[in-house]
Each structure stands twice: as C-alpha cells, then as structure tokens.
Amino acid sequence: EGLNSYWTLRYLENKYGENAKILEIPPWIEKIVPNPTFKSTRAYRYQFLAARGLDAPVISALSNFVEPSMIFSTAYGKGSAVIDMLAHYIGDEKFAGIMKDYFQKYKFQNVMADDFIKICQDESGKDLSWFFKAWLFGVGACDYALVKNSEGLILEKRGKIAMPVETKLRFSDGSES
C-alpha cells in the first residue's frame with residue numbers, strides 16, 4: 001500500500017504542483033484554518049498517532065493496529081514516506097531502474113516485501129537490509145540535532161533510527177564546508 005500511495009502522491013504533485021494544497025480556500029481563511037499540502041497530510045496523520053504511542057511497523061500483523069486509523073497512517077502514509085526516503089537515498093536513476101524491474105517482473109501479481117527488497121538491493125548495488133529493517137519492520141524516528149559544546153558543534157542522534165545525513169556548514173565569512 002505504501003508503494004501505491006507513493007505513486008498517487010507523485011501523480012498529485014506532478015499534476016497540481018509540489019506544494020499544492022488539498023483545498024482551494026480564500027487566503028484570509030488560511031490564516032485561521034490550516035490548509036495542508038498533499039504531502040504534509042501524510043506526515044501529520046502519522047506524527048499525530050506516533051506522538052500518542054500508536055506507532056507500528058509498516059509491515060505488521062493486522063492485530064498490531066490497535067486503532068483503526070493506524071492502518072492508514074502507517075501502511076499508507078509511513079509506507080509511502082519510506083519509499084520517498086529510499087528514492088532520495090539511492091538516487092533517481094537507480095530508483096527508476098528498481099521501479100522498471102519491479103513492474104516488469106511482478107506485473108499483475110501479488111508481491112511480498114522480500115521480493116521488493118531483493119530488487120532494491122540488486123538494482124542499487126547496496127546492502128539495504130539496515131534501511132528496510134528500521135523503516136519497514138521497526139518503529140522509531142530519525143531525529144538529529146545540532147548541539148553546541150565546548151569544542152564546537154556536533155550532530156547528535158536523538159532518534160532510534162539512523163540515516164545518512166547531508167550537511168552543509170556556512171561560516172560567517174561566507175565560506176561553506
């Protein structure tokens with residue numbers, strides 16, 4: 001379901017724009033009533049439930065979803081976010097290759113997660129077991145913070161899940177590292 005939701009979101013963003021709002025409402029109402037984008041609603045639903053202790057693995061037994069809305073926010077919302085992160089991590093070209101192989105090989109079939117994972121690893125040339133273990137079969141957040149200490153700034157891991165993080169430092173003289 002996460003893969004289907006990922007492609008639905010991509011379609012909506014392609015058709016209406018990446019920051020397209022779900023509703024067309026007058027600007028004066030937006031000051032009172034939030035008008036989220038298609039993508040932000042995915043995050044809001046999941047974050048709302050996760051903050052209340054209702055997080056679950058994307059791939060989980062139906063009985064693990066103690067609240068009915070967990071199914072939609074986790075399997076569809078978190079699942080599509082995982083596909084989004086995967087695409088960003090491995091790059092557009094390799095992700096396109098994965099999708100091409102996946103759709104050709106499994107056209108009109110039911111697919112298991114292990115089948116998808118194998119194609120991802122084969123096509124990307126990377127061991128992605130850590131990625132799928134954390135994001136599909138685990139719970140937790142990826143959370144980093146910049147913390148100042150006596151030696152300078154450090155990037156501190158605060159969440160349970162680790163991910164590669166692109167960083168850029170801009171110094172007061174305008175140089176970057």
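The basis for the numbers below is simple: all heavy atoms, side chains too, and nothing from hydrogens, waters or symmetry mates.
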Without placing hydrogens or testing angles, list every side-chain donor-acceptor pair under 3.5 Å for residues 140-150, not counting sequence neighbours.
{"from": "Y144", "atom 1": "OH", "to": "M163", "atom 2": "N", "distance (Å)": "3.1"}
{"from": "Y144", "atom 1": "OH", "to": "M163", "atom 2": "O", "distance (Å)": "3.0"}
{"from": "N149", "atom 1": "OD1", "to": "E151", "atom 2": "N", "distance (Å)": "2.8"}
{"from": "N149", "atom 1": "OD1", "to": "G152", "atom 2": "N", "distance (Å)": "3.0"}

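Shown here for I22 and T37, the closest heavy-atom pair between the two residues is CD1-O, 3.9 Å. Across all their heavy atoms, D127 and S129 have their closest contact at OD1-OG, 2.7 Å.
Between K15 and E13 no salt bridge is recorded (no basic side-chain N to carboxylate O distance below 4.0 Å). A salt bridge links D122 with K118: the closest approach of a Lys/Arg side-chain nitrogen to an acidic carboxylate oxygen falls below 4.0 angstrom. At a threshold of 4.0 Å, the pair K105-D115 does not count as salt-bridged, since none of the basic side-chain nitrogens sits closer than that to a carboxylate oxygen.
Under the side-chain contact (heavy atoms from CB on, under 4.5 Å) criterion, Y76 pairs with E1, S5, F72, sequence neighbours left out.
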- Step-by-step side chain to side chain contact (heavy atoms under 4.5 Å, CB included) determination, S80 to R42: CA-CA 8 Å; S80 71; R42 172 183 77 185; 2.9 Å; yes
- Determine, step by step, whether R158 and E156 satisfy the salt bridge (Lys or Arg N to Asp or Glu O under 4.0 Å) criterion, reporting the C-alpha distance in whole Å, the side-chain angles of both residues, the deciding distance to 0.1 Å, and the verdict. CA-CA 6 Å; R158 293 187 172 176; E156 179 180 274; 2.8 Å; yes
- Taking it one step at a time, do K94 and M99 satisfy side chain to side chain contact (heavy atoms under 4.5 Å, CB included)? CA-CA 9 Å; K94 287 184 179 177; M99 291 294 100; over 6 Å; no
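Judged by distance alone, the side chain of S175 and the main-chain N or O of F171 form no donor-acceptor pair under 3.5 Å. Using modelled atom types, no side-chain atom of S40 and backbone atom of P36 make a donor-acceptor pair closer than 3.5 Å. The backbone N or O of A56 sits less than 3.5 Å from a side-chain atom of K78, completing a donor-acceptor pair. Side-chain atoms of N35 come within 3.5 Å of backbone N or O of L23 as a donor-acceptor pair.
Rounding to the nearest 0.5 Å places OG of S124 at 5.5 Å from CD1 of I98. Note that CZ of R52 is 11.0 Å distant from CD of E67, once rounded to the nearest 0.5 Å. For the atom pair NZ of K21 and OG1 of T41, the computed distance is 11.5 Å after rounding to the nearest 0.5 Å. Note that the CG atom of L3 and the OG1 atom of T8 stand 9.5 Å from one another [nearest 0.5 Å]. Interatomic distance, CD1 of I117 versus NZ of K133, reported as 12.5 Å (0.5 Å rounding). Between the NZ atom of K100 and the CD1 atom of I119 there is a distance of 13.0 Å, given to the nearest 0.5 Å.
Taking the side chain as every heavy atom from C-beta outward, P57 and L136 never approach each other to under 4.5 Å. In this structure the side chain of D84 reaches within 4.5 angstrom of the side chain of K39, judged on heavy atoms. Taking 4.5 Å as the limit, some side-chain heavy atom of I90 sits within range of a side-chain heavy atom of L86. Counting heavy atoms from C-beta on, the side chains of I71 and L62 come closer than 4.5 Å.
Clustering ILVMFWY residues whenever any of their side-chain heavy atoms sit less than 4.5 angstrom apart, transitively, puts L54 in a cluster other than the one holding W135. Put simply, M112 and I83 are part of two different groups of oily side chains (I, L, V, M, F, W, Y) that touch within less than 4.5 Å, one to the next. Transitive grouping of hydrophobic side chains (ILVMFWY, heavy atoms separated by less than 4.5 Å) keeps M70 and V58 in distinct clusters. A chain of hydrophobic side-chain contacts below 4.5 Å, direct or via other Ile, Leu, Val, Met, Phe, Trp or Tyr residues, connects I59 to F131. Cluster annotation: Y16 and L9 are assigned to the same hydrophobic cluster (Ile/Leu/Val/Met/Phe/Trp/Tyr, side-chain heavy-atom contacts under 4.5 Å, transitive).
Counted within 6.0 Å of CD on E24, heavy atoms from surrounding residues, nucleotides or ligands total 12 or fewer; the atom is thus considered open. Heavy-atom contacts from other residues, nucleotides or ligands closer than 6.0 Å to CG of D173 number more than 12. In the displayed structure, D92 atom CG is contacted under 6.0 Å by at most 12 heavy atoms of other residues, nucleotides or ligands. Heavy atoms of other residues, nucleotides or ligands lying less than 6.0 angstrom from CD of E176 number more than 12.
Ring geometry for W130 against Y89 counts as perpendicular: the plane angle is over 60°, on a 0 to 90° scale with 30° as the lower cut. The aromatic rings of W7 and F95 sit parallel, their planes meeting at an angle under 30°, below the 60° perpendicular limit.
For residues 40-69, no pair satisfies ring pair (Phe, Tyr, Trp, His ring centres under 6.0 Å), with sequence neighbours left out.
Taking the six-membered ring for Trp, F116 and Y102 have ring centres closer than 6.0 Å.
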